[in-house]
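Report on the following structure.
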Number of protein chains: 2
Amino acid sequence: MLIRDPDATRRSLLEAAFEEIRLRGYRGASLSRILAKTDVTKGALYHHFPDKKALGYAVVDEILRDMIHEKWITPLAEGNPIDRMLETLHLEGCRVASEKTLTGCPLNNLAQEMSALDTGFRKRIAVVFALWRKGISTALQRGQAEGSVRRNVDTDAAATFVVAAVEGCIGMAKSGNDLELLYTCGAGLTQYLESLRESDLATPSHANKQQKRR
Amino acid sequence: MLIRDPDATRRSLLEAAFEEIRLRGYRGASLSRILAKTDVTKGALYHHFPDKKALGYAVVDEILRDMIHEKWITPLAEGNPIDRMLETLHLEGCRVASEKTLTGCPLNNLAQEMSALDTGFRKRIAVVFALWRKGISTALQRGQAEGSVRRNVDTDAAATFVVAAVEGCIGMAKSGNDLELLYTCGAGLTQYLESLRESDLATPSHANKQQKRR
DNA sequence: GAATCAACATACCGACCAGTATGTATGTAG
DNA sequence: CTACATACATACTGGTCGGTATGTTGATTC
């Protein structure tokens, strides 16, 4: 190695680890492959991260967190929240559709693989999901204040269901490696989002009631 | 071994493999642990299954398929489909809630782990999901004929969204290891199911239109 | 420019794992 | 009773993996 740039080294390890985890999962991710792809040696890796788990944690805390922020927090910061979510959903659909074999959502893939096996992963991933839900809930509240979202909607509950449904739709498409499933599910989700919209003609019978459980 | 019962041997291997996969995923499943738990030797295992993958395939074809059939096909074979689905959802909620650390849905766990990595798994799992969707769609059609389900509902699309949302809800609860998330999501799903119900007072504005994509 | 430390580099280790080679015992058909 | 196939049992192998011990080099400080 001619010149040294520890920050860049760390960053390239993180990104390669993210890609490796995206393709093979955390447990299927091989440090040797990450090192080969980055031209970093094992000594350098273990200088920046104490062990494989720490590398995985950092991927959640830095890469996946930023990913959700870019996709779901920033775009919903202003404008009509329902419209913005429909746009984001469309973008996400295009991203999913761009792969030959659908790999799904990196965050949810890791969540489903590791949540039951390691509380360190679980808690870190839960933080990112909570951030995501918070972004949607806040946007919906703003929509209520601006008159674009029905006032009897429980924004926290709606946000939780939206996130669950998004991951469910992506997972369904991945299971069958079939975009038609993605579009069909997306239609169901769109229908739900539309039911949150304030409209002078609509009846409140199908709106999300202020309810906490069951 | 005193007496021989090859069918029982095979069955116990299948069930132990299912449990091992449920807890650690297919790739995390260890043949040694399966053998230890069943008191079967490696020679016997490789007599019944050519390799680990064949064992995994058999778990999908036999165990997981039966599981979905028992939970989602048989109960929906008669009666009001919406009510039956709400009951099934309740039962499934109880099952998920019975674990200290939530492991989620065995079918979807395996689907998310393996679909992008192995087409053999993917196609077998897709068959089970298709069976599931078909059971719901058929039940909804019967509901339409009997007057309990809105006639303008696209039953295939609704079935697909229901399956996706169910898995999304379970996955969300697993991610946070939080039953509150399960109940919140379940409320959203219940709301969607209720929107499919035929009712003299309801307006059709939120019903699932006859649409194919987008 | 000597000392020091962060930032790498290389070689090696023990554990685990799927799979195999080879052998043995049990049931069954003639 | 013999022959043979099914149903097991045991011991071993090659490969991959995460992790470590130890050595080297580039940057920084005084």
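If you're wondering where the values come from, they're calculated on a predicted model, not measured in any experiment. Naming: A, B, ... by sequence-line order, numbering from 1 per chain.
Nearest nucleotide to the side chain of Pro6(A), out of dC8(D), dA7(C), dG18(D): dA7(C). Of the candidate nucleotides dG19(C), dC8(C), dC8(D), dG19(C) has the atom nearest to the side chain of Asp51(B). Of all nucleotides listed (dC8(C), dA18(C), dG19(D)), dC8(C) comes nearest to the side chain of Thr9(A). Comparing dC8(D), dA7(C), dG18(D) by their nearest atom to the side chain of Leu31(A) picks out dG18(D).
Look at Lys174(A) and Glu99(A) and you find no salt bridge, because none of the NZ, NE, NH1 or NH2 atoms lies under 4.0 Å from a carboxylate O. For Arg24(B) and Glu113(B), the salt-bridge test fails: no basic side-chain N is under 4.0 Å from an acidic carboxylate O.
In the interface, the side chain of Lys42(A) is paired with the base of dG18(D) through a donor and an acceptor atom under 3.5 Å apart.
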Are any protein N/O atoms closer than 3.5 Å to N/O atoms in nucleotides 22-26 of chain D? If there are, list each pair with its distance.
| unit_1 | atom_1 | unit_2 | atom_2 | d |
| --- | --- | --- | --- | --- |
| dT25(D) | O2 | Arg4(A) | NH1 | 3.2 |
| dT25(D) | O2 | Arg4(A) | NH2 | 2.8 |

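Taking the ring axis of Phe121(A) as reference, the NZ or CZ atom of Lys53(A) does not stay both within 45° of it and closer than 6.0 Å to the ring centre.
The residue Thr41(A) sits close to a base: some heavy atom pair falls under 4.0 Å. Heavy atoms of Ala8(A) sit nowhere under 4.0 angstrom from any nucleic acid atom.
Asp61(A) pairs by the side chain to side chain donor-acceptor pair (under 3.5 Å) definition with Arg124(A), not counting sequence neighbours. Partners of Ser30(B) under the side chain to side chain donor-acceptor pair (under 3.5 Å) rule, at least two apart in sequence or in another chain, are Ser32(B).
Of the two residues contacting DNA chain D, namely Gly43(A) and Tyr26(A), the nearest-nucleotide position lying further toward the 5' end is that of Tyr26(A).
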